[in-house]
Amino acid sequence: MYGMIATWRMAFEGVTKGRKVLEDGGCAGDAIEIAIREVENFEFYKSVGYGGLPNEEMEVELDAAFMDGSTFDIGAVAAIKDFASPISIARRLSKEKVNNVLVAEGAEKFAHKEGFERKNMLTERAKIHYYNRIKEIKEQEIKPYSGHDTVGMVCLDSNGNITVGTSTSGLFMKKKGRVGDSPICGSGFYVDSKVGGASATGLGEDLMKGCISYEIVRLMKEGHHPQEACEIAVNTLDAELKERRGEAGDLSLIAMNNKGEWGVATNIEGFSFVVATEINEPVVYITKNINGKCIHEKASEEWLDNYMKTRTAPLVRR
Ligand code: ASP
């Protein structure tokens with residue numbers, strides 16, 4: 001049995017490629033790297049890789065991580081600038097014995113030495129988003145950080161190896177040097193091939209408070225189905241945050257276990273995700289949390305059409 005699950009509709013093309021790798025007998029490490037690179041390279045996805053939205057100084061600083069659930073190899077980069085494939089750099093770092101997590105100039109120096117492709121990741125379109133947001137913030141009380149998403153994936157290959165990967169530009173208008181949950185082991189991702197893997201998207205500062213990806217894998221290890229594990233972890237953290245702090249940020253989680261069973265939970269209205277298995281081609285679902293239970297529905301043709309249209313629609317500077 002092989003399979004992949006990923007956060008957001010934007011993962012669809014990547015999961016399609018990744019599934020092909022698995023179908024041809026490829027390993028979970030290669031499949032996830034190819035799948036995430038596909039998302040990083042598509043300039044119209046404005047929260048990952050090329051075309052990602054910048055920090056408050058109009059620089060695109062990217063976070064990414066890779067974990068191999070069989071060897072427990074972990075590699076991550078944070079606040080890295082001007083490199084095309086953060087996920088590949090993270091995977092490369094996972095092979096090192098030490099120095100597995102590198103930030104900013106340190107990560108860039110490593111990537112340069114290892115021959116990774118340099119690229120200016122700030123697109124003209126991202127600049128327009130930046131200038132428009134500056135204007136909106138001045139005009140109305142709009143939240144500066146809205147407009148962020150991470151691609152997070154869990155991948156099981158037919159030899160029973162499970163990997164997890166993340167890649168993101170983090171919060172739009174974040175402070176220079178801000179690091180979210182995505183490159184933080186246990187928060188943005190966790191995987192154990194004996195059990196399963198999980199990955200997160202949403203407000204990193206809140207996701208970290210529950211080490212929520214680790215928590216889901218722990219619940220699966222205790223015997224919970226991935227769906228149950230995701231719901232317990234998301235509902236519990238959401239309630240704890242509201243009780244202690246009066247509010248909870250966005251929390252959306254995906255998981256897959258070593259049998260290819262999967263689960264998804266969210267505390268937001270309409271979280272989209274993509275699932276592919278040996279039996280099923282990639283499908284986009286949208287989930288809603290109704291009184292603690294997450295109900296998944298296939299995205300309609302209309303929703304899918306509209307998604308691409310809005311992503312690629314011409315953008316003008318206001
Ligand atoms: N979790 C990411 C971060 O806080 C953003 C997101 O997934 O929307 O950097």
Side-chain angles (χ1 to χ4, degrees), residues 2 4-7 11 13-15 17-22 24-42 48-50 52 61-104 106-119 121 150-157 159-170 179-193 197-201 213 254 256:
Y2 57 80
M4 283 183 100
I5 185 161
T7 57
E13 292 79 9
V15 169
K17 281 204 165 173
R19 183 177 179 275
K20 182 80 183 65
V21 172
L22 298 173
D24 295 344
C27 69
D30 289 345
I32 210 163
E33 182 181 350
I34 283 168
I36 293 181
R37 283 178 71 119
E38 183 74 15
V39 189
E40 289 177 337
N41 288 336
F42 190 61
V48 175
Y50 186 57
E61 290 187 325
L62 302 170
D63 297 343
F66 172 87
M67 181 169 181
D68 181 324
S70 300
T71 57
F72 281 167
D73 285 346
I74 294 171
V77 289
I80 189 172
K81 275 195 302 193
D82 298 329
F83 278 90
S85 309
I87 188 62
S88 298
I89 303 165
R91 186 177 181 203
R92 172 66 191 80
L93 278 168
S94 75
K95 306 283 183 228
E96 299 288 300
K97 203 160 178 210
V98 289
N99 303 303
N100 300 115
V101 182
L102 295 181
V103 305
E108 288 151 20
K109 198 166 178 180
F110 174 85
H112 176 69
K113 229 176 83 205
E114 292 294 318
F116 283 96
E117 185 195 344
R118 273 189 182 276
K119 187 168 175 176
M121 302 299 269
T150 298
V151 63
M153 297 191 186
V154 183
C155 179
L156 164 71
D157 68 27
N159 290 320
N161 300 304
I162 316 180
T163 54
V164 60
T166 60
S167 187
T168 187
S169 50
V179 177
D181 60 301
S182 308
I184 307 288
C185 178
S187 291
F189 65 94
Y190 195 76
V191 62
D192 176 346
S193 296
S199 183
T201 179
S213 292
I254 53 152
M256 184 172 272

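Only heavy atoms go into these numbers, but all of them, side chains included; no hydrogens, no water, no symmetry mates. Keep in mind it's a predicted model, so treat the numbers as computed, not measured.
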Roughly how far apart are [X] [atom1] and [Y] [atom2], rounded to 0.5 Å?
X: S88; Y: E40; atom1: OG; atom2: CD; value: 6.5 Å
X: C27; Y: N161; atom1: SG; atom2: CG; value: 7.5 Å
X: E33; Y: S85; atom1: CD; atom2: OG; value: 8.0 Å

So among V39, I32, I36, which one has a side chain to side chain contact (heavy atoms under 4.5 Å, CB included) with I87?
-> I36
Is there side-chain contact between [X] and [Y], with at least one heavy-atom pair below 4.5 Å?
X: R118; Y: H112; result: yes
X: K119; Y: D82; result: no
X: V77; Y: V103; result: no
X: I162; Y: M256; result: no
X: R91; Y: D30; result: yes
X: I74; Y: F66; result: no

Can you check side-chain contact (heavy atoms from CB on, under 4.5 Å) on F42 and E13, steps first, answer last?
-> CA-CA 10 Å; F42 190 61; E13 292 79 9; 5.9 Å; no
Determine yes or no for a side-chain-to-main-chain donor-acceptor pair under 3.5 angstrom, with [X] supplying the side chain and [Y] the backbone.
X: N41; Y: R37; answer: yes
X: D63; Y: S182; answer: no
X: T163; Y: A28; answer: yes
X: T7; Y: T150; answer: yes

Just by distance, with hydrogens left out, do S70 and S193 show a side-chain donor and acceptor under 3.5 Å apart?
-> yes
Please name the pair of heavy atoms, one in V179 and one in A78, separated by the smallest distance, quoted to 0.1 Å.
-> CG2-CB, 3.8 Å
Could you pull out the closest heavy-atom pair between S199 and G165, with the gap in Å?
-> OG-O, 4.2 Å
Note: D68-K95 ion pair, threshold 4.0 Å (strictly below) = no
Is the closest basic N to carboxylate O distance between E114 and R92 below 4.0 Å?
-> yes
Start with the C-alpha distance between I254 and V154, add both sets of side-chain angles, then the distance that settles side-chain contact (heavy atoms from CB on, under 4.5 Å), and finish with yes or no.
-> CA-CA 8 Å; I254 53 152; V154 183; 4.2 Å; yes
For the pair M4 and M153, evaluate side-chain contact (heavy atoms from CB on, under 4.5 Å) and give the outcome as yes or no after the intermediate values.
-> CA-CA 7 Å; M4 283 183 100; M153 297 191 186; 3.8 Å; yes
Can F72 and D192 be said to form a side-chain contact (heavy atoms from CB on, under 4.5 Å), step by step?
-> CA-CA 7 Å; F72 281 167; D192 176 346; 4.0 Å; yes
